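Take a look at the structure below.
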Amino acid sequence: MSDPTAPNNTEDPLEPLEEQPSEELAKAYDPTEIEARWYPIWNEAGVFGASAADTLEGEQPPYVVMMPPPNVTGTLHNGHALFVTLQDILVRYHRMQGYNTLWLPGVDHAGISTQAVVERELRRHEGLSRHDLGREVFIERVWEWKERNGSRIVEQLKVLGASADWSRERFTLDEQCSRAVRTAFVRLWDEGLIYRGERLINWDPVTRTALSNEEVDHEERAGELWQFAYRCSDDSGEIVVATTRPETMLGDTAVAVNPDDERYAGFVGKALVHPYFPDREFFVIADKHVDREFGTGAVKVTPAHDPNDFAIGERHGLEVINIFELDATLNKNGGPFAGLDRDEARKRVKADLTVRGMARGAEAILHSVSISSRSGETVEPMLSRQYFVSAGPLAEKACAAIDELGQTEIIPAGWKSTWDHFMKNIQDWCISRQLWWGHRIPVFYERAGLESAVREDARRRGEQTVALSALESGADTRELLQIALDSLDEELVRGFSTASIDDLCAGPDGDRYLQEDDVLDTWFSAGLWPFSTLGWPDETDDLRAFYPSAVLETGFDILFFWVARMMMFGCHFMGEAPFRHIFLHAMIRDSQGRKMSKSLGNAIDPLDVIEGITLEDLLIKTRSYPVPESLLPRVLEGLKKDYPDGIPASGADGLRFSLAALAGQGRDVKLSIPRVAGYRAFLNKIWNATRFALMSLGGARPQPLSETKGDLSLADRWILSRLQAASDRVAAGIEGYRFDEAANGIYQFFWNEFCDWYIELVKESLGDSAPEARREAARSVLIEVLDASMRILHPICPFQTEEIWQRLPGRKERWAGADGVDVVFCATAPFPVADDSWRDDDAEREFDFIIRVVTRLRNLRLENNLPPNQRIPAILCSESHSIRHSVTELSDSICRLARLESLAVHSNDGYEIPQQAAVGTDPDFIVVLPLEGLIDLDAERTRLAKELATAQKQLDGFEKKLGNPSYVERAPANVVAETRERAQRCMESIAASKASLARL
RNA sequence: UGGCACGUAGCUCAGUGGGAGAGCGCCGCCCUGACACGGCGGAGGUCGGCGGUUCGAAACCGCCCGUGCCAACCA
């Protein structure tokens, strides 16, 4: 298909395509080859770049999406694939609409995960811990790791086609983001919205750091409610308590009962004996928190290791005894059990109390256990000094932005109530982490100030404090700092921290100043993402042009981790919510609805879907996952059964289309490979339809539609009208975040309308026997529909559409210069806007008749067991002039589609049905196949009887309605009229069927 | 315990007040001029149950059953 009229543009990167036309396309669809080619071409051509100036000068409205930064340790999983697909659809769609589109990408430093990965490597390869290296060297190592591996996830996003502006890529720990973090911290500190305080926090004994509440998962587990007795010190009796954690009794400082509980009325105020610490003050107290029905109705109180007990302790002024080291082994307060791990301690405490005769039985219980989402270990509540953000005032602003200012809308709206519940009950946010990799908390202590504060503290208390002893014994500065921070009042600490942070961070004077050891929660920097990436705190052009963004698209699982924090920080620091829409997509699950996880062995690697994988490799890969031994055989058998031929390569386009089609709102996305294969078949269909079209053009450059408008056939007008509906449907789907609608819209149009009907019909018009004008018109419609279809599909399947679009003759010239843009890509061509002048209701109605006629005829043929190749004559009778007219116009095509020899058209009384004939009825017409000697009488009788029964059932329904006076009276007139009409036509069908039956 | 979803064909789901739909799977026929990753035709559903509102309910309301998610409690 060498095109002699094409300009000989030697700079065109696509020139090879134009040189090897239909032969090239004649090959089967191969996504791998196509997809490797286009991404660098777009990227280098600057297709993905945004320009602040264009918006600030009023030329182009912005459309901005902040990419949720994947973890630097991450490898591509389906969650990434889903968010990239959905966001890229939004971004590409708006880019094609002419918006100044910015999709800002980046990577998260992922504090705990990254540190853990590097520590593991260090241990494995060098047998060292991070403490062996020291903080500075270790952090250097992490940066080295990041330089080596950190771009992997980014490259994988590109494989998916992510059209992000990589020139603006950010890392949460780069200098720009770090400065934003320091600034934000200091402002919040100065405003009193960050404080340092001693609270009961969630301690992860494995990673040895505090966690925020959101980082703790709750899991139902079978446990044991174990009972034991405390003796009264006056030997007047005992009180039995129930617990799931017997070892914490070592930190008990009271037993609480409900004040209204008569059973224990006599005990309140009595002293108890702690079996291991007989000197401990230990009383029975009354507190209404205690549930009389649960357990024994008496609760052991461990203020240091249980949030409720902590609260009780505060109310009653109880002593708080921490019994754990940071790794959850018992400290010296564990008495005889000191040094034991908490699980071992539990066994030993139970055994020992049993020996002492204090055990009082046990019952099984299902209770929820707090698990660290970081390490999977049981979280230990610990009393600890940490930094907190006062979330209340910030949450109020975030809620006001939604409820009062209407700046942001949550979609789907169902999440609003979850949001409200969380935000109204929000707890202060623990932001300090005992890690090294992250934003070190920008709090500095002046040594001189510290020393005087220690002396002041000691003087005030009138005693030799621990800190003072340390100072006097010449402890080094850092040790002194630690001791001082643990023992000084918060006010004193505040007094000598300093706020000239940037200078200090640039080069702190180690002798004079000491910086806080802890780093900030990863989500602190993530919370600043919508503006730290644009240059905040500086008033940059980017910030002015691109804040706030259009939509924040992410999974609902990080609504509170991330979205809420961005809303709070955005409203607080920028004075305006960071996005207009919050769109929350569902979770990806396997085809049975289970969460995908490597340890279940059901995780599908998106790259395997894109590139394909053999069964053999899939099995090898799954064996490397941490699947429990007991499960593994079943998992492998399942894979062999589900993927006997492995997973076929569907390309990024195939995966993207599948994810879009499956992403119905408010539902989990159940990813099934057969389903993906089905959508991949759609892309193959497109490929082949294009091959047909290009072949039919035979190298000719089609005329624009405007030239052929006068020669359009019914089918031409029909498909052009349907095209408008399709572009509307897809646009509405994308704009309404109904990606399934968008995908189905183009799928149905292209396959069921364009391929199944239009292309089949147009073959007639393209043939040698058709008049030249007819052929010209058909070609221009073919190319127009393909062009528009590729542009409609482009946001979902960018690679294949670009490949095909570039090959359509005359396309680039046609769209170059539109909107003053030099368009050379499908990616930057305008998204088709439905044009009402091409809508044609008459054509749609008439063509619908053609579809019904052909379907009826095909049905008749098959039900009468006619050989497929046997050409036979047919007759159509209808009272409707327009049906007769349309059918006559397209009778050649109908003959082809229904494999007829001829098709005669009559009015109902213009034709007498012969004795032996198959008759198909429709409310608007009947079709007849005269089958003298051919008809399968039994088959035809069965068919007619069935047809009759269906029509009769329908008619019964209509007549029942029409026989109901209140229906006729109350239902809208047009509804009643329509029912009457349909009943009438039903009766005619029935009459025709009966007559046919009688004839046989 | 509370909140929110969901329950429609074998499977996955669309359909929010007037004719029960799609994809895959299944059955039958066909390599019909791009496509067997294809074409054509077909079978298959008391729309979870009960009650209510309405001339009319898969859809709206109430209750029940079932499933899932989130949150709280959990001595």
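The sequence lines fix the lettering, A, B, ..., with proteins before strands; numbering per chain opens at 1. All of these numbers come straight from a predicted model, not from anything done at the bench.
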Separation between the [atom1] atoms of [N] and [M], rounded to whole Å:
{"N": "B:rG23", "M": "B:rA58", "atom1": "P", "result": "24 Å"}
{"N": "B:rA43", "M": "B:rG21", "atom1": "C1'", "result": "16 Å"}
{"N": "B:rU1", "M": "B:rG19", "atom1": "C1'", "result": "46 Å"}
{"N": "B:rC11", "M": "B:rG49", "atom1": "C1'", "result": "23 Å"}
{"N": "B:rG48", "M": "B:rU16", "atom1": "P", "result": "15 Å"}
{"N": "B:rG17", "M": "B:rU46", "atom1": "P", "result": "25 Å"}
{"N": "B:rA59", "M": "B:rU8", "atom1": "C1'", "result": "11 Å"}
{"N": "B:rG7", "M": "B:rC29", "atom1": "P", "result": "38 Å"}

Measure [atom1]/[X] against [atom2]/[N] and give the value in whole Å, please.
{"X": "A:Asn425", "N": "B:rA71", "atom1": "CG", "atom2": "P", "answer": "13 Å"}
{"X": "A:Lys960", "N": "B:rG56", "atom1": "NZ", "atom2": "C1'", "answer": "10 Å"}
{"X": "A:Arg675", "N": "B:rA14", "atom1": "CZ", "atom2": "C1'", "answer": "10 Å"}
{"X": "A:Phe657", "N": "B:rA22", "atom1": "CZ", "atom2": "C1'", "answer": "13 Å"}
{"X": "A:Lys670", "N": "B:rA5", "atom1": "NZ", "atom2": "C1'", "answer": "13 Å"}
{"X": "A:Tyr747", "N": "B:rG23", "atom1": "OH", "atom2": "P", "answer": "7 Å"}
{"X": "A:Lys416", "N": "B:rG3", "atom1": "NZ", "atom2": "P", "answer": "17 Å"}
{"X": "A:Gln870", "N": "B:rC30", "atom1": "CD", "atom2": "P", "answer": "14 Å"}

Using a 4.0 Å heavy-atom cut-off across all strands, classify [X] as base, sugar-phosphate, or nothing.
{"X": "A:Asp306", "result": "sugar-phosphate"}
{"X": "A:Val968", "result": "nothing"}
{"X": "A:Thr243", "result": "sugar-phosphate"}
{"X": "A:Thr244", "result": "sugar-phosphate"}
{"X": "A:Asn308", "result": "sugar-phosphate"}

With [X], which residues qualify under side-chain hydrogen bond (donor to acceptor under 3.5 Å, both in side chains), at least two apart?
{"X": "A:Gln427", "result": "none"}
{"X": "A:Thr253", "result": "none"}
{"X": "A:Arg980", "result": "none"}
{"X": "A:Arg775", "result": "A:Glu772"}

Donor-acceptor pair, [X] side chain versus [Y] backbone, under 3.5 Å?
{"X": "A:Asn864", "Y": "A:Leu866", "result": "no"}
{"X": "A:Asn78", "Y": "A:Ile604", "result": "yes"}
{"X": "A:Thr296", "Y": "A:Val240", "result": "yes"}
{"X": "A:Asp287", "Y": "A:Ala256", "result": "no"}

What is the minimum heavy-atom distance between [X] and [Y], and which atoms define it?
{"X": "A:Ala983", "Y": "A:Leu962", "answer": "CB-CD1, 4.2 Å"}
{"X": "A:Ala770", "Y": "A:Ser765", "answer": "CB-O, 3.1 Å"}
{"X": "A:Tyr758", "Y": "A:Ala778", "answer": "OH-O, 3.9 Å"}

Could you pull out the protein-nucleic contacts involving nucleotides 7-10 of chain B (nitrogen or oxygen on both sides, under 3.5 Å)?
from, atom 1, to, atom 2, distance (Å)
B:rG7, OP1, A:Arg667, NH2, 3.3

Which nucleotides of RNA chain B pair, in dot-bracket form (Watson-Crick or G-U under 3.5 Å, | meaning another strand): ((((((((.[[[[.)..(..]]]].(((((.......))))).....[[[[[..)....]]]]])))))))....
Applying salt bridge (Lys or Arg N to Asp or Glu O under 4.0 Å), can you list everything that pairs with A:Lys350, at least two apart in sequence or on another chain? A:Glu224
Going by the rule salt bridge (Lys or Arg N to Asp or Glu O under 4.0 Å), which residues pair with A:Glu863 if we only count those two or more places apart in sequence or in a different chain? none
Can you tabulate the close N/O pairs, meaning under 3.5 Å, that link protein atoms to atoms of nucleotides 18-21 of chain B?
from, atom 1, to, atom 2, distance (Å)
B:rG19, O2', A:Arg982, NH2, 3.2
B:rG19, N2, A:Arg982, NE, 3.2
B:rG19, N3, A:Arg982, NE, 3.3
B:rG19, N3, A:Arg982, NH2, 2.9

How does each nucleotide of nucleotides 33-44 of chain B score, in 5' to 3' order, for protein heavy atoms under 4.0 Å: base (B), sugar-phosphate only (S), or none (-)? BBB-BSSBSSS-
Contact nearer the 5' end of RNA chain B, comparing A:Phe560 with A:Arg245: A:Phe560
Using a 4.5 Å cut-off on heavy atoms from C-beta on, say whether the side chain of A:Ile239 contacts that of A:Leu272. yes
Would you list the protein and nucleotides 66-69 of chain B atom pairs, both N or O, that sit under 3.5 Å from each other?
none

Please say which of A:Trp757, A:Trp751, A:Phe750 ends up in a ring-ring contact (aromatic ring centres under 6.0 Å, His included) with A:Phe754. A:Phe750
Distance-only side-chain donor-acceptor flag, A:Ser672 / A:Lys670, under 3.5 Å: no
If the test is salt bridge (charged side-chain N to carboxylate O under 4.0 Å, His left out), which one of A:Arg342, A:Lys300, A:Arg346 qualifies with A:Glu247? A:Arg346
Residues 741-752 of chain A vs salt bridge (Lys or Arg N to Asp or Glu O under 4.0 Å), sequence neighbours excluded, gives A:Arg729-A:Glu741
